[in-house]
Peer 1: 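First, the structure itself, so that you have it in front of you.
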Amino acid sequence: MHAIDQLERSLKSIVADMGLEWPAKASIDAPKDSKHGDLAANIAMMLAKEAKTNPRELASRIAAALPAVDAAVQSVEVAGPGFLNVTFTPDFWRQTVLDINAQGNAYGSSTIGQGRRTLIEYVSANPTGPLHIGHGRGAAVGDTLTRLMRAAGFDVSTEYYINDAGRQMRLLGLSVWMRAKELSGQPIEIPTDFYRGSYIIDIAREMLEKNPNLLSLSEQEGQDVCYDYAMKQISDGIKADLHEFRVGHDRWFSEKSLVDSGAVKDAFAALKAAGHTYEKDNALWFATTPLGDDKDRVLTKSDGYLTYFASDIAYHHDKFERGFDYLIDIWGADHHGYIPRMRAAIAAMGRNPEKDFDVVLIQLVNLLQNGQPISMSTRAGTFETLADVVKEVGVDAARFMFLSRKSDSTLDFDLELVKQRSMDNPVYYVQYAHARVCAVLRRAAERGIALPQSLTMAHLQALDCPEDIALLRKAAAFADMLGQAALSLSVHHVSRYLMDFAGMLHSYYAKHQVLLPEDTPRTIARLALLQSMAQVVHNGLDMLGVSAPETM
RNA sequence: GUGCUCGUAGCUCAGUCGGAUAGAGCGAUAGCCUCCUAAGCUGUAGGCCACAGGUUCGAUUCCUGUCGGGCACACCA
């Protein structure tokens, strides 16, 4: 928020004049209780010892100096143990309306990300079956994080990594092949780890219809053909589901292509050159222990195949080689034990695992129906797919639900609840606030009330109630909130903010009539206010990939 | 067993880079539409922020331990 920046500059100059140094840990924040002013600073408590005085004494000296330094400050009080409670002038806050009008859909964006080249990898589910609801949560979080970070000034690209070189995928080919045999009346023995979903049978049937001679192929050929076909079908399905869910990746990155392009060799060479590898028991090992892992890891197995970890290292190495300097992976929380070895790999590449690499963990989604759990497992074939859930509850409700909780904690997703139009399902609460404001604006237009072509501070003087200022203050904090959410990779801050903000708008609506036949200046001021507040809700929902309807 | 993570109102969850009287929704309960969308608003009740120590002006927040959930511990992906 520019208010914080402005106050910090003013306080810094005062502190400097006193011959004191500004501590890095000093904070300036909006206090929880608005009775404590617009912003509270703890600087006097931090510096009292150094200034050889008590906090309240120092605070009052700073307070005395502040109004002369900063014209936007209306009043400043010393409170509690030595807080400085600062209140800005109404005009300072009214300016927010003009700022929002000027910036429109871009309001809230910032440059805090400094154009950092960032690659967000998310979903990356093996194309061995349709996406289920857990993938949906990862998709919603990844996509929203992308939108957020772009708005915050990061230079973001996105990728979906396909594990198309491993055992799971070979198993997919085998599963379809067996079903094709079964459909043709041949007896089959179902192996363990077999993919049992009915979609496997559908694919097998489809293949037989297109090529009745399918089963004349050899075992190996047949499985390969089945694999290729199934992989294509399922991938296309996943892409369609994601598209429907308003999620798109800049690139689908194939694991196979890493091997083919020599990227694996490059990555291994880099590790070897830095002295991180050794051979033992006929396998190639990566010494991750000195880099913080709890045991060393195998790269090339004694049978000559690469481990999953090996190609993942190569993939991340390749990301850096392509010029990205900040890698964000979005993983299921059950992979959290995988983080130390990945950090070790990042360190071995000569990068800083603290700064150049982050993992966002997505916890389990418990799919419920009226409080009763619906089990899901791709292999057992009893999953509930993302597509089914979206069809049932809609994209807006599903996305908002996924984004309204910390991604690292488990989420109960009750189909009945998410369909309800109540506060258990806050997406409607936020959307309704937007629609209501739009209704007022429409009604104003019907009555021939129009906002002036170029709005100025003079038109906003009637914004003088506490509720006016509270809304303006909240709206002014929007960009700051988005920036913090982006930096901390916490998408749920946005939905929390929107719920708060929508609550304020609903209260405002109930308390203050906007269209006042007897008072045109106030009507104009309030219309201008509401229009800009609707813009903020719209921009916030846009970050979440949720629509902002004008009527409901 | 080891590591990671979580424990906040009856329920579902925010908050915490250490700040003032710990918040929201649901549920409970009492009210509000001759007036811009009641999918809304207003009030009341409800808390040893798991427990015990430590660090300091100040701890729900940081550290240690205990108890209790979840997850992970492959030459699987």
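Order of the sequence lines fixes the chain letters, A, B, ..., with proteins taken first and strands second; residue numbering starts at 1 for each chain.
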Peer 1: What is the separation between atom NZ on A/Lys295 and atom C1' on B/A72, rounded to the nearest whole Å?
Peer 2: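 Between C1' of B/A72 and NZ of A/Lys295: 11 Å.
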Peer 1: Which residue, A/Thr551 or A/Lys280, contacts RNA chain B at a nucleotide closer to its 5' end, judged by nearest heavy atom?
Peer 2: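 Nearest-nucleotide comparison on RNA chain B picks A/Thr551.
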Peer 1: Would you kindly give the NE2-to-P distance between A/His493 and B/A14, to the nearest whole Å?
Peer 2: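 Nearest whole value for this atom pair: 11 Å.
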Peer 1: Just checking, is any N or O donor in the side chain of A/Asp468 or A/His512 under 3.5 Å from an acceptor N or O on the other one?
Peer 2: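 Side chains of A/Asp468 and A/His512: no pair found under 3.5 Å.
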Peer 1: Could you walk me through whether A/Phe501 and A/Phe478 satisfy the ring pair (Phe, Tyr, Trp, His ring centres under 6.0 Å) test, starting with their C-alpha distance in whole Å, then the side-chain angles of each, then the deciding distance to 0.1 Å, before giving a yes or no?
Peer 2: CA-CA 10 Å; A/Phe501 193 56; A/Phe478 183 60; 7.9 Å; no
Peer 1: By a 5.5 angstrom centroid cut-off and a 30 degree plane limit, is there stacking between A/His36 and B/A20?
Peer 2: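 Yes.
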Peer 1: Please walk me through it: do A/Arg297 and A/Asp293 pass salt bridge (Lys or Arg N to Asp or Glu O under 4.0 Å)?
Peer 2: CA-CA 9 Å; A/Arg297 307 291 172 175; A/Asp293 199 5; 2.9 Å; yes
Peer 1: Kindly point out which of B/G70, B/A77, B/C36 is positioned nearest to the side chain of A/Val514?
Peer 2: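 Ranking B/G70, B/A77, B/C36 by closest atom to the A/Val514 side chain puts B/C36 first.
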Peer 1: Using Watson-Crick pairs (N1 to N3, plus N6-O4 or O6-N4) and G-U wobble pairs, both distances under 3.5 Å, which stems of at least 3 pairs involve RNA chain B?
Peer 2: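 Listed by first number, the stems are B:1-7 with B:67-73, B:10-13 with B:23-26, B:28-32 with B:40-44, B:50-54 with B:62-66.
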Peer 1: At less than 3.5 Å, do the side-chain atoms of A/Asp294 and the base atoms of B/A72 form a donor-acceptor pair?
Peer 2: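 By the distance-only test, no, there is no pair.
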Peer 1: What is the distance, to the nearest angstrom, from the CE atom on A/Met45 to the P atom on B/A20?
Peer 2: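 Rounded to whole Å, this separation is 9 Å.
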Peer 1: Are any of the side-chain nitrogens in A/Glu446 or A/Arg442 under 4.0 Å away from the carboxylate oxygens of its partner?
Peer 2: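 No.
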Peer 1: In terms of base orientation, is B/C33 syn or anti, with the syn window spanning 90° either side of 0?
Peer 2: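 B/C33: syn.
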Peer 1: With respect to the side chain of A/Asp334, which nucleotide from B/A74, B/C75, B/A72 is positioned closest?
Peer 2: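 Closest nucleotide to the A/Asp334 side chain: B/A72.
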Peer 1: Side chain of A/Tyr428, heavy atoms from C-beta onward: which of B/C36, B/C13, B/A39 has the nearest atom to it?
Peer 2: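 That would be B/A39.
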Peer 1: Taking atom P of B/A74 as reference, at what distance in whole Å does atom OH of A/Tyr338 sit?
Peer 2: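 The distance from OH of A/Tyr338 to P of B/A74 comes to 14 Å, rounded to the nearest Å.
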Peer 1: Among B/C36, B/G19, B/C75, which nucleotide sits nearest the side chain of A/Ser302?
Peer 2: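 The answer is B/C75.
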Peer 1: B/A39, OP1 or OP2 - any side-chain N/O from A/Tyr432 closer than 4.0 Å?
Peer 2: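 For A/Tyr432, the contact criterion (side-chain N or O under 4.0 Å from OP1 or OP2 of B/A39) is met.
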Peer 1: For a quick test of reading the model: is some side-chain N or O of A/His492 closer than 4.0 Å to OP1 or OP2 of B/G15?
Peer 2: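 The answer is yes; a side-chain N or O of A/His492 sits under 4.0 Å from OP1 or OP2.
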Peer 1: According to the salt bridge (charged side-chain N to carboxylate O under 4.0 Å, His left out) rule, which pairs have a member within residues 399-415 of chain A, sequence neighbours left out?
Peer 2: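 Matches after skipping sequence neighbours: A/Asp143-A/Arg399.
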Peer 1: Could you check A/Phe83 against A/Ile43 for side chain to side chain contact (heavy atoms under 4.5 Å, CB included), going step by step and ending with a plain yes or no?
Peer 2: CA-CA 8 Å; A/Phe83 288 103; A/Ile43 181 71; over 6 Å; no
Peer 1: Which residues, if any, of residues 484-491 of chain A bring a heavy atom under 4.0 Å of RNA chain B?
Peer 2: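 Hits under 4.0 Å, by residue number: none.
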Peer 1: Indicate, with a heavy-atom threshold strictly under 4.0 Å, whether A/Asp312 touches base, sugar-phosphate, or nothing.
Peer 2: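 Nothing, no heavy atom under 4.0 Å.
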Peer 1: Can you pull out the residues from residues 405-416 of chain A that lie within a 4.0 Å heavy-atom distance of RNA chain B?
Peer 2: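 Output list: A/Arg405, A/Lys406, A/Ser409, A/Thr410.
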Peer 1: Please find out if less than 6.0 Å separates the ring center of A/Phe402 from that of A/Phe413.
Peer 2: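 Yes - the distance between ring centres of A/Phe402 and A/Phe413 falls below the 6.0 Å cut-off.
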Peer 1: Is it true that A/Asn163 and A/Gln168 share a donor-acceptor pair across their side chains at a distance under 3.5 Å?
Peer 2: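 Result is no, nothing qualifies.
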Peer 1: Near RNA chain B, under 4.0 Å by heavy atom, which residues of residues 435-446 of chain A?
Peer 2: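 Going residue by residue through residues 435-446 of chain A, the ones with a heavy atom under 4.0 Å of RNA chain B turn out to be A/Ala435, A/Arg436, A/Ala439, A/Val440, A/Arg442, A/Arg443.
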Peer 1: Quick one about A/Thr87 and A/Asp38 (side-chain donor to acceptor, distance below 3.5 Å, no hydrogens or angles considered), yes or no?
Peer 2: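 A/Asp38 vs A/Thr87: no donor-acceptor pair found between side chains.
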Peer 1: When you check the phosphate oxygens OP1 and OP2 of B/U42, does a side-chain N or O of A/Ser507 lie under 4.0 Å from one of them?
Peer 2: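 The answer is yes; a side-chain N or O of A/Ser507 sits under 4.0 Å from OP1 or OP2.
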Peer 1: For the pair A/Gln484 and A/His493, evaluate side chain to side chain contact (heavy atoms under 4.5 Å, CB included) and give the outcome as yes or no after the intermediate values.
Peer 2: CA-CA 9 Å; A/Gln484 289 304 316; A/His493 288 314; 5.8 Å; no
Peer 1: Walk me through whether A/Ser311 and A/Tyr161 qualify under side chain to side chain contact (heavy atoms under 4.5 Å, CB included).
Peer 2: CA-CA 11 Å; A/Ser311 41; A/Tyr161 182 59; 3.8 Å; yes
Peer 1: Check every strand shown and say whether A/Asp281 touches a base, only sugar-phosphate, or nothing at a heavy-atom separation below 4.0 Å.
Peer 2: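 Base, at least one base heavy atom under 4.0 Å.
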Peer 1: When we call it a touch if two heavy atoms are under 4.0 Å apart, what does A/Glu255 touch: a base, just sugar-phosphate, or nothing?
Peer 2: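 Touches nothing.
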Peer 1: The test is side chain to side chain contact (heavy atoms under 4.5 Å, CB included); show your working for A/Gln223 and A/Cys226 and say whether it passes.
Peer 2: CA-CA 5 Å; A/Gln223 288 180 28; A/Cys226 284; 5.6 Å; no
Peer 1: Checking A/Tyr315 against A/Phe253 for the ring pair (Phe, Tyr, Trp, His ring centres under 6.0 Å) test, could you report, in this order, the C-alpha distance in whole Å, the side-chain angles of both residues, the deciding distance, and whether it holds?
Peer 2: CA-CA 9 Å; A/Tyr315 179 40; A/Phe253 196 102; 4.8 Å; yes
Peer 1: Are the side chain of A/Asp318 and the backbone N or O of A/Ala263 linked by a donor-acceptor pair below 3.5 Å?
Peer 2: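 Here the side-chain-to-backbone pair does not exist.
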Peer 1: With rounding to the closest Å, how many angstrom separate the P atoms on B/U2 and B/A14?
Peer 2: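 Those two atoms are separated by 29 Å.
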Peer 1: Could you give the OH-to-P distance, from A/Tyr497 to B/A24, as a whole number of Å?
Peer 2: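 Those two atoms, OH and P, are 18 Å apart.
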Peer 1: So if I take every side-chain heavy atom of A/Tyr509 and compare against B/A20, B/C71, B/U37, which nucleotide ends up nearest?
Peer 2: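 Nearest to the side-chain atoms of A/Tyr509, counting from C-beta on, is B/U37.
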Peer 1: Taking for each residue the nucleotide of RNA chain B bearing the nearest heavy atom, is the 5' side occupied by A/Leu84 or by A/Met169?
Peer 2: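 Nearest-nucleotide comparison on RNA chain B picks A/Leu84.
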Peer 1: Under a 3.5 Å distance rule, please check whether A/Ser254 uses its side chain to pair with a backbone N or O of A/Ser257 as donor and acceptor.
Peer 2: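 Side chain of A/Ser254 to backbone of A/Ser257: a pair is present.
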Peer 1: Distance check needed: B/G3 P versus A/Leu361 CG, whole Å only.
Peer 2: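 Taking CG of A/Leu361 and P of B/G3, I get 19 Å after rounding.
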Peer 1: Starting at CG of A/Asp296, measure out to OG1 of A/Thr288 and round the result to the nearest 0.5 Å.
Peer 2: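 Nearest 0.5 Å value for the CG-OG1 distance: 5.0 Å.
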Peer 1: Using the side-chain heavy atoms of A/His336, tell me which of these nucleotides is nearest: B/A14, B/G3, B/C36.
Peer 2: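 So the side chain of A/His336 is nearest to B/G3.
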Peer 1: If you look at every strand shown and take non-hydrogen atoms under 4.0 Å, does A/Ala40 touch a base, only sugar-phosphate, or nothing?
Peer 2: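 Base contact.
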Peer 1: At 4.0 Å (heavy atoms only), tell me whether A/Ala48 reaches a base, stays on the sugar-phosphate, or touches nothing.
Peer 2: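 Result for A/Ala48 = nothing.
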Peer 1: Can you tell me if A/Phe83 is stacked onto the base of B/A20, using a 5.5 Å centroid cut-off and an angle below 30°?
Peer 2: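 According to the criterion (under 5.5 Å, under 30°), yes, A/Phe83 stacks.
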Peer 1: Can you tell me if the side-chain N/O atoms of A/Tyr195 get under 4.0 Å from OP1 or OP2 in B/A77?
Peer 2: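 Checking A/Tyr195 against B/A77: no side-chain N or O falls below 4.0 Å of OP1 or OP2.
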Peer 1: When the side chains of residues 332-344 of chain A are checked against the rest of the protein, which donor-acceptor pairs come out under 3.5 Å, sequence neighbours left out?
Peer 2:
from, atom 1, to, atom 2, distance (Å)
A/His336, ND1, A/Ala333, O, 3.0
A/Tyr338, OH, A/Asp312, OD2, 3.3
A/Arg343, NH2, A/Pro353, O, 3.2

Peer 1: Taking atom P of B/C36 as reference, at what distance in whole Å does atom NE2 of A/His506 sit?
Peer 2: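 Distance check: A/His506 NE2 to B/C36 P gives 16 Å.
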Peer 1: In whole Å, I'd like the distance from the CG atom of A/Asp293 to the C1' atom of B/G3.
Peer 2: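 It is 11 Å, rounded to the nearest whole Å.
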